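One structure below.
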Amino acid sequence: MATFALVDCNSFFCACERVFQPKLRTHPVIVLSNNDGCVVSRTKEAKDLGIPMAVPFFKIKDVVRRHGVAVFSSNYGLYADMSHRVMATLTDLAPALEIYSIDEAFLDLTGTKDLWGYARHMARRVLKDTGIPVSIGLGPTKTLAKVANFVAKKVGQDGVFDLTDPAVREKILPLVPCHEVWGVGRGFTKTLANMGIASAWDIAQADPKRLRKAMGVVGERLCLEMQGVSCLSLEDAPAARKSVISSRSFGHPLQDKELVRKSLQEHVGRACEKLRKSGLTAGHLTIFIQSNRFVRTGMPHTHAASHTRVLATQHTPDLAHDADMLFERIWRENIPFLKAGVMLCELKETSLPPANLFDTRDLKSQQRLMTTIDLLTKRYGRRTVSFASTLIKKEAIPTWHMRSNHHSPCYTRRWKDLATVR
DNA sequence: TCTGGGGTCCTAGGACCC
DNA sequence: TCTGGGGTCCTAGGACCC
């Protein structure tokens with residue numbers, strides 16, 4: 001029988017900040033989403049103060065001030081670099097691994113002797129090599145490994161919990177509520193409740209056919225996985241991505257047409273950069289602008305438009321031109337907009353030869369230009385070179401760019417931010 | 001004053017084909 | 001007058017994940 005491990009970093013973003021500020025080790029810490037909007041990571045100490053996950057920052061400012069909670073804006077560069085370190089250590093310990101998210105990986109530990117001992121060894125090694133504490137869940141399926149991880153965070157010894165033994169499952173699963181199970185969100189919790197299913201154990205005891213009827217194949221798979229029948233295997237190669245999104249909230253509401261247009265142009269630039277990095281071209285572009293979705297006006301909050309291209313591209317000016325055309329269609333005066341973004345779909349591998357007989361583009365020189373711009377951006381930072389269509393006055397930038405008032409130094413990316421040891 | 005950003009998968013229903 | 005069986009493709013929307 002297969003054995004999966006799910007390794008999950010504890011309060012990952014907070015843990016990354018703590019690595020470089022050890023004095024915060026026993027201190028409550030939270031990390032905010034982009035634009036300093038919501039809490040996306042919190043330590044146990046912060047949780048104990050009653051700070052919920054995903055709460056808007058402005059609602060907890062009082063608690064934060066009273067208890068001197070350390071607050072950070074998200075520093076994704078730092079978290080990505082720390083994630084690589086953790087994953088590199090894990091790869092060393094168990095070669096068959098699937099990186100599931102920035103702070104989680106599934107490992108195939110089938111055939112490992114002394115499973116529990118090995119998991120403890122892994123957790124200690126990751127902490128020693130990277131400074132990041134992890135929890136490890138063990139189970140015969142991915143879903144059970146996930147549940148085991150949830151339990152490990154509550155009662156695990158040394159951050160490890162093992163659900164490979166059916167007798168242990170019979171004791172523990174009744175204590176785990178449905179909505180803690182991987183794949184069960186708000187909607188399915190309701191569906192399950194209506195069927196009299198409340199705990200993880202209830203899911204495991206249910207008839208897979210019955211769950212299929214109520215929730216489709218997802219429900220049937222969920223049920224089998226909870227019974228210990230593995231339906232989800234370890235994915236060795238990451239799946240090719242199907243879309244690229246770049247979007248952001250503005251720091252403040254915007255009614256200035258030119259500023260909104262330029263923010264979209266910048267998103268096109270960022271999205272194309274991602275495209276080129278993955279060696280892909282896009283055949284379909286969607287742009288959108290959004291007003292405040294928390295204010296009920298009876299009007300739609302999102303204004304969007306799409307365009308399918310005859311020739312797929314990764315060339316920024318091509319898509320910038322399309323975006324501008326679409327923007328004229330969706331722009332409305334006198335609406336304060338809060339967010340803008342672009343989405344690229346119908347992604348294909350880049351192929352240098354012309355796509356068809358009528359393709360007269362000079363792809364080689366297009367590519368040379370973009371490669372050069374990408375290189376300059378990488379070496380000297382964003383806005384070293386820009387398209388004229390994205391240029392805006394310096395004064396406008398603060399109103400447009402997101403808030404990020406608690407950003408930590410770029411310890412892993414900037415020489416002048418390197419930590420000093422005394 | 002203030003509420004993130006980036007993704008995937010599944011289903012149902014309609015249009016259309018032979 | 002009768003009106004099967006099998007299939008594909010597309011889209012919108014819902015559900016979920018971190």
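Just so you know, these numbers use all the heavy atoms, side chains as well, and skip hydrogens, waters and symmetry mates. Note that the structure is predicted; figures quoted are calculated from it, not measured. Order of the sequence lines sets the chain letters (A, B, ...), proteins ahead of strands, with each chain counted from 1.
Salt-bridge check for A:Arg261 with A:Glu258: passed, with a basic side-chain N closer than 4.0 Å to an acidic carboxylate O. Look at A:Asp417 and A:Arg414 and you find a salt bridge, because one of the NZ, NE, NH1 or NH2 atoms lies within 4.0 Å of a carboxylate O, short of that distance.
Ring-to-base geometry does not place A:Phe57 in a stacked arrangement with B:dC2 (centre distance under 5.5 Å, plane angle under 30° required).
Counting any heavy atom pair closer than 4.0 Å across all strands shown, A:Lys190 reaches no nucleic acid atom. Within 4.0 Å of A:Val55, counting heavy atoms only, lies no atom of the nucleic acid at all. Backbone-only contact: A:Ser246 has heavy atoms under 4.0 Å from sugar-phosphate atoms and none from a base. Using a 4.0 Å heavy-atom cutoff across all strands shown, A:Asn292 reaches no nucleic acid atom at all. Contacts of A:Lys59 with the nucleic acid, taken as non-hydrogen atoms under 4.0 Å apart, are absent.
The shortest distance between the side-chain N/O atoms of A:Arg403 and the OP1/OP2 oxygens of B:dG4 is not below 4.0 Å. Phosphate contact (OP1/OP2 of B:dC10, side-chain N/O of A:Arg212, threshold under 4.0 Å): absent. The phosphate of B:dT3 has neither OP1 nor OP2 within less than 4.0 Å of any side-chain N or O from A:Lys339. Contact check, A:Ser249 against B:dG5: a side-chain N or O comes under 4.0 Å of OP1 or OP2. Applying the 4.0 Å criterion to OP1 and OP2 of B:dG6, one finds that A:Ser247 has a side-chain N or O inside that range.
Counted within 6.0 Å of CZ on A:Arg25, heavy atoms from surrounding residues, nucleotides or ligands total 12 or fewer; the atom is thus considered open.
Place A:Cys38 and A:Arg241 on DNA chain B by their nearest nucleotides, and A:Cys38 ends up nearer the 5' end. Along DNA chain B, the nucleotide nearest A:Val244 and the nucleotide nearest A:Ser33 are compared for position; the residue whose nucleotide lies closer to the 5' end is A:Ser33.
For A:Glu104, whose side chain is taken as the heavy atoms from C-beta onward, the closest listed nucleotide among C:dC18, B:dC2, B:dG6 is C:dC18. Of the candidate nucleotides C:dC16, B:dC2, B:dG4, B:dG4 has the atom lying nearest to any side-chain atom of A:Asn34. Of the candidates B:dG6, B:dG4, C:dC18, C:dC18 carries the atom nearest the A:Lys146 side chain, counting heavy atoms from C-beta on. Out of B:dC10, B:dG5, C:dC17, the shortest distance to the side chain of A:Arg248 is found at B:dG5.
The partner of B:dC18, taking Watson-Crick or G-U wobble pairs whose two distances both stay under 3.5 Å, is C:dG5.
The aromatic rings of A:Trp182 and A:Phe106 sit tilted, their planes meeting at an angle between 30° and 60°.
Under the side-chain contact (heavy atoms from CB on, under 4.5 Å) test applied with A:Thr143, the options A:Glu225, A:Gln227, A:Arg221 reduce to a single match, A:Glu225.
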